[in-house]
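Reading through the structure tokens given below for one structure.
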Amino acid sequence: MVLTGESDSWSGEYTANINGDKESGKFIFGYKNATGKELKNSEITTNEGKRVRKEGNYKGAIIEMPSSCSGCAVTNVEIKRNDKEETFHLKTKDQ
């Protein structure tokens, strides 16, 4: 399964293998307006707050997050960076 989405400043992709009701995958988020080598003060929330990654600095403009869950549905992503919040939905290409 592959889900993609984007906001004004971010693009996102979630790829997963599903086996029954268990899911293992990876999020990849890219900051579109990257000018430096680090993204500072970023927080990523997925699954309506069930998965949060908060760090002061990310190296480069790409953020990768592994994921595994059972009976979950990944659709909503919220990213905050330097007090600016953007939300977007991940969906299949035919949605």
Do you know the tightest heavy-atom contact between [X] and [Y]?
X   : Y   : result
N76 : H89 : OD1-CE1, 3.3 Å
A16 : E23 : CB-CG, 3.8 Å
K84 : S9  : NZ-OG, 3.6 Å
I79 : I44 : CG1-CG1, 4.0 Å

(request) Please test F27 against F29 for ring pair (Phe, Tyr, Trp, His ring centres under 6.0 Å), starting from the C-alpha separation and ending with a verdict. (result) CA-CA 7 Å; F27 293 97; F29 299 106; 5.7 Å; yes

(message) I'd like to know if R81 pairs up with E86 as an ion pair, taking the criterion as any Lys NZ or Arg NE/NH1/NH2 lying under 4.0 Å from an Asp or Glu carboxylate oxygen.
(response) no

(request) Measure the spacing between OG of S11 and CD1 of I62 and express it to the nearest 0.5 Å. (result) 6.5 Å

(request) Mind checking the CD-NZ spacing from E43 to K80? Nearest 0.5 Å is all I need. (result)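 If I round to the nearest 0.5 Å, the distance is 5.0 Å.
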
(request) Kindly work out whether a path of hydrophobic side-chain contacts (I/L/V/M/F/W/Y, heavy atoms less than 4.5 Å apart) joins V2 to I28. (result)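 In one cluster with V2: I28, no.
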
(message) Any heavy-atom pair between the side chains of E64 and K26 that's under 4.5 Å?
(response) yes

(message) Side chains of M1 and I18, heavy atoms from C-beta outward: is any pair under 4.5 Å?
(response)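 Yes. Closest side-chain heavy atoms under 4.5 Å.
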
(message) Checking E13 now: which residues fulfil salt bridge (Lys or Arg N to Asp or Glu O under 4.0 Å) with it, not counting sequence neighbours?
(response)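 Testing E13 for salt bridge (Lys or Arg N to Asp or Glu O under 4.0 Å), a comparison that skips the adjacent residues, returns none.
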
(request) Any chance you could lay out the side chain to side chain contact (heavy atoms under 4.5 Å, CB included) test for L3 and T92, step after step, and finish with the verdict? (result) CA-CA 5 Å; L3 304 174; T92 61; 3.5 Å; yes

(request) Check whether any side-chain N or O of K32 sits under 3.5 Å from a backbone N or O of S7 as a donor-acceptor pair, and report yes or no. (result) yes

(message) Show, in sequence, the C-alpha distance, side-chain angles and deciding distance for F88 and W10, and conclude whether the ring pair (Phe, Tyr, Trp, His ring centres under 6.0 Å) test is met.
(response) CA-CA 9 Å; F88 58 95; W10 294 89; 8.1 Å; no

